[in-house]
Amino acid sequence: MSVTPEQLPATGRAWHLVRRPHGWPVPEDFALREAPVEAPEEGRVLVRNLHFSVDPYMRGRMNDVKSYVPPFQLDQPMEGGAVGVVVAANADGFAVGDHVLHFAGWREYASVPARYATKVDPEAAPLSAYLGVLGMTGLTAYAGLLEVASFKEGDAVFVSGAAGAVGSQVGQIAKLKGASRVIGSAGSDDKVRRLVEEYGFDAAFNYKDDKPVVEQLKEAAPDGIDVYFDNVGGGHLEAAISRLNVGGRVTICGMIAGYNETEPTPGPRNMALIIGKRLRIQGMLVQDHQDLQPQFVREVGAWVRSGELKYDETFAHGIENGVEAFLGMLRGENTGKMIVSLDG
């Protein structure tokens with residue numbers, strides 16, 4: 001659907017952060033509020049959002065601390081990846097009906113500077129894919145494995161949080177690039193099954209089982225690992241350090257195990273092994289790897305079209321379910337990318 005400025009609704013809803021969470025966020029930390037919808041000023045486009053993304057990093061933005069990205073402001077709409085349709089345009093190169101990717105999610109209507117809106121093709125892939133497998137999530141997996149971890153053919157790879165949007169792609173890309181063995185951890189038996197049967201992992205385990213992660217990883221990787229892609233932190237990182245071979249590499253993408261803790265999370269107790277094993281441990285931010293975007297879209301897009309790379313999406317429907325989708329993602333209730341759909 002496309003509309004002219006005269007047909008715009010008077011108001012649209014948006015989620016605001018109204019209180020900074022202490023520990024786990026609760027629904028009372030957020031409010032769904034109405035705001036006027038106005039025709040775009042010069043150089044901007046007005047977008048009716050069709051899907052928006054909820055991601056682990058957003059939890060960090062709810063804290064009032066200095067970080068690589070500014071915190072969410074109280075009583076202002078939150079931000080995040082979104083795709084939608086242009087319903088009014090006041091910028092060269094954009095027309096009503098164009099589909100765009102932008103960063104003003106968590107709301108029904110978004111006024112976006114045209115320079116921050118990227119046209120996407122709904123015929124090439126489902127629009128939601130541009131928030132996940134072909135978007136920031138996918139580029140994180142691609143760059144984190146191939147560039148940050150310097151993956152090479154024959155490496156054995158361990159991925160934590162492997163049934164999530166990033167982790168599931170990391171494991172599949174490793175297999176497609178010639179990994180000798182790919183191991184994943186996940187938080188349920190059903191997710192473990194999916195990793196092996198659907199995503200092609202060689203082994204997987206449920207980190208919530210009674211057996212310690214380090215023991216399960218040793219069984220899954222008897223010859224050790226060469227690359228660890230960390231989405232979890234905590235005991236997973238300690239276990240990976242114990243199983244990494246000499247010259248092993250670690251990409252620190254996320255540490256979701258500690259995101260909602262109110263006390264500092266203990267670090268690995270075996271860091272002395274980093275010396276003898278000559279390990280390289282490196283953090284990553286996806287914005288540092290934008291130069292890989294064209295190569296990523298070509299290669300991963302081809303794998304998606306051929307069916308060689310599979311991806312899952314978990315949808316919550318309706319803006320009113322946005323916060324519950326975010327909290328569910330933090331609890332690990334999603335398989336693949338968690339997306340809030342506003343289309344219909």
Side-chain angles (χ1 to χ4, degrees), residues 24 53-60 131-133 135-145 148-149 151 157-175 179 182-196 198-209 212-214 216-217 220-221 225 227-241 243-244 249-261 265 268 281-286 309-314 325-339:
W24 279 88
S53 175
V54 291
D55 301 283
Y57 79 87
M58 295 174 176
R59 176 61 187 87
L131 297 175
V133 65
M136 182 180 72
T137 299
L139 181 58
T140 299
Y142 188 86
L145 177 69
V148 180
F151 171 86
V157 178
F158 171 44
V159 187
S160 59
V166 172
S168 59
Q169 272 192 257
V170 171
Q172 291 183 83
I173 293 170
K175 290 292 290 185
V182 175
I183 303 109
S185 72
S188 74
D189 291 340
D190 180 62
K191 289 182 178 180
V192 167
R193 178 194 61 78
R194 292 173 74 94
L195 288 176
V196 176
E198 298 181 27
Y199 294 142
F201 282 59
D202 297 290
F205 59 84
N206 185 344
Y207 69 85
K208 294 182 179 179
D209 285 351
V213 171
V214 66
Q216 296 197 72
L217 180 57
I225 58 175
V227 169
Y228 171 45
F229 195 103
D230 191 9
N231 292 305
V232 175
H236 277 76
L237 179 56
E238 184 171 304
I241 289 172
R243 297 305 301 159
L244 278 158
R249 290 89 64 203
V250 178
T251 294
I252 305 289
C253 177
M255 290 190 168
I256 197 170
Y259 284 177
N260 297 300
E261 298 297 325
T265 304
I281 301 177
Q282 182 175 337
M284 77 161 293
L285 298 177
V286 68
L309 194 150
K310 299 175 175 61
Y311 67 97
D312 279 301
E313 297 169 319
T314 300
F326 172 71
L327 298 178
M329 178 273 303
L330 290 179
R331 293 190 293 260
E333 295 173 2
N334 56 302
T335 298
K337 189 79 184 70
M338 179 68 93
I339 293 170

>> Could you measure the distance from the NZ atom of Lys191 to the CG atom of Asn206? Nearest 0.5 Å is fine.
In response: 9.5 Å
> Quick one: CE on Met329 to CD1 on Ile339, what's the gap to the nearest 0.5 Å?
Replying inline: 12.0 Å
> Which atom pair, heavy atoms only, marks the closest approach of Ser53 to Leu131?
Replying inline: N-CD1, 4.0 Å
>> Can you give me the closest heavy-atom contact between His236 and Ser185, atom names plus distance?
In response: NE2-OG, 3.0 Å
> If you take all heavy atoms of Glu198 and Lys310, which pair is closest and at what distance?
Replying inline: O-CD, 3.3 Å
>> Is it the case that the side chain of Ser168 and the backbone of Ala163 share a donor-acceptor pair, with hydrogens and angles ignored and the cut-off at 3.5 Å?
In response: no
> Okay, side chain of Arg243, backbone of Ala221: is any donor-acceptor separation there less than 3.5 Å?
Replying inline: yes
> If every non-hydrogen atom of Phe158 is compared with every non-hydrogen atom of Gly184, which pair is closest and at what distance?
Replying inline: CE1-C, 4.2 Å
> Between Lys208 (side chain) and Ala186 (backbone), is there a donor-acceptor pair under 3.5 Å?
Replying inline: no
> Counting distance only, does the side-chain N/O of Asp55 pair as donor-acceptor with the main-chain N or O of Met58 below 3.5 Å?
Replying inline: no
> Is it the case that Asn231 and Ser160 place a side-chain donor and acceptor less than 3.5 Å from each other?
Replying inline: no
> Does Thr137 reach the main-chain N or O of Val133 with its side chain, forming a donor-acceptor pair under 3.5 Å?
Replying inline: no
> Which atoms form the tightest heavy-atom contact between Thr335 and Asp312, and what is the distance?
Replying inline: O-CB, 3.6 Å
> How close do Thr314 and Asn334 get, heavy atom to heavy atom, and via which atoms?
Replying inline: OG1-CA, 3.6 Å
> Does Gln172 reach the main-chain N or O of Gly200 with its side chain, forming a donor-acceptor pair under 3.5 Å?
Replying inline: no
> To the nearest 0.5 Å, what is the distance between CD1 (Ile241) and CD1 (Ile225)?
Replying inline: 9.5 Å
